Amino acid sequence: MRKLSLLVVIMMAFFMLVGCGSGGEEPAADDAAEETFETLVVGYAQIGAESEWRTANTASIKETAEELGVELKFSDAQQKQENQIAAIRSYIAEDVDVIGFSPVVETGWETVLQEAKDAGIPVIMVDRRADVPRELYATYLGSDFVEEGRKAGNEMNTLLPDGGKIVELVGTVGSAPANDRYSGFRDTLADNIEIIDSQSGDFTRAQGKEVMEAFLKNYGDEIVGLYAHNDDMAIGAIQAIEEFGLEPGVDIKIVSIDAVRGAFEAMIAGKLNVTVECNPLLGPQFYDLALRAVNGEQLPEWVPSEESVYYPDNAAELLPERQY
Ligand code: GZL
């Protein structure tokens, strides 16, 4: 009996070893093939189509996906946070590889980004930043809006060396660019320049014009300067200033941000004095970061974009080469 038991034990051990060595098991998880652009599936929750800048930003995200062979699922939230959150949830349900989004405002994102984290989907904030814990996003790709505001303040000082009263068109209330351009501008503005009114035009031409009409009704030719958080609101304000009977760029000095083609055309016409660049062409950097995140690379907290300042004197020469 003892010999039989011993034989059974030896045979069991033999089959167990053969079974383990039978090959054919899946490679260990960390041997899984790396993603490539051609296999990458991206969900992108865009803010809307509120400005020339946004149109150029969307074109960059879509055209770059096409060029790289990335499968892009894209949504336009019409500047409504609830639509962006719903889009992110739909991408989680579809189990995309990575989610990109430009948060319309800074707050209200923690719950949905936690859901993405729990689903193991990396999130990249593009253009605007959300106020969330570091562990809820892979990286933030976007401009230094405070620096853009600081540059605008310095330019206003140069345009109004003797000081005076100015008004301000603020971007979308609660958005990172509006908050930071507001504070950056005040960091550098000279003491002899007084901001007598500041209202939001929500980054659109129509609302920029509407608010400027109200400013002109209330203050008239007391106003010697306008700081607009984006070119679209500045272009709307230029129409209001002309309809009021004053000369934009002459009676009222205008400093704006974005550097879209419409701003170059306004500078060529002598109606805008300065535009501070905010680069919307973020597609190539975004997909590079997306692939690195999906393949497990730890990314820096912030990848800033390079930007410049543009003036009327060479606007006509530069306009043909402007990509947005
Ligand atoms: C800035 C971007 C802003 C632009 C506006 O990065 O979020 O939103 O300045 C756009 O033109 O609407």
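Each ligand, and each atom within it, is numbered from 1 in the order the structure gives. Note that the structure is predicted; figures quoted are calculated from it, not measured.
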Would you say [X] has any N or O atom under 3.5 Å from an N or O of ligand 1, going by distance alone?
X: S143; value: no
X: D258; value: yes
X: S51; value: yes

Consider ligand 1: state whether an atom of it lies below 4.0 angstrom from any non-hydrogen atom of [X].
X: D232; answer: no
X: I257; answer: no
X: M233; answer: no

List ligand 1 atoms under 4.0 Å from [X], heavy atoms only on the residue side.
X: P177; answer: 7 (O)
X: E50; answer: 8 (O), 10 (C), 12 (O)
X: C278; answer: 1 (C), 6 (O)

Practice prompt. Answer yes or no: is there an ion pair linking E115 with R89, defined by an N-O contact shorter than 4.0 Å?
Written response: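 Salt bridge: yes.
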Worksheet item: Are D144 and R150 close enough for a salt bridge, meaning some N to O gap below 4.0 Å?
Response: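 A salt bridge is absent here (no side-chain N lies under 4.0 Å from a carboxylate O).
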Worksheet item: Heavy-atom contacts under 4.0 Å between R181 and ligand 1: side chain, backbone, both, or neither?
Response: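 The part of R181 near ligand 1 is the side chain, not the backbone.
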Worksheet item: With sequence neighbours left out, what residues match Y310 under ring pair (Phe, Tyr, Trp, His ring centres under 6.0 Å)?
Response: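 Y310 satisfies ring pair (Phe, Tyr, Trp, His ring centres under 6.0 Å) with F264 only.
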Practice prompt. Counting heavy atoms only, name the option from V260, T172, D127 that's nearest to atom 2 (C) of ligand 1.
Written response: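 Checking each option, the heavy atom nearest atom 2 (C) of ligand 1 is found in D127.
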Item to complete: Starting from atom 8 (O) of ligand 1, find the nearest protein heavy-atom neighbour and note its residue, name and distance.
Response: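 Checking every protein heavy atom, the shortest distance to atom 8 (O) of ligand 1 gives R128 NH2, 2.8 Å.
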If you take all heavy atoms of [X] and [Y], which pair is closest and at what distance?
X: A130; Y: M125; value: N-SD, 3.2 Å
X: N179; Y: G174; value: ND2-O, 3.6 Å
X: A240; Y: K209; value: CB-O, 3.7 Å
X: G249; Y: N273; value: O-ND2, 3.0 Å

Item to complete: Report whether I99 and Y137 are members of the same hydrophobic cluster (ILVMFWY, side-chain heavy atoms less than 4.5 Å apart, transitive linking).
Response: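 Yes, I99 connects to Y137 through the hydrophobic network.
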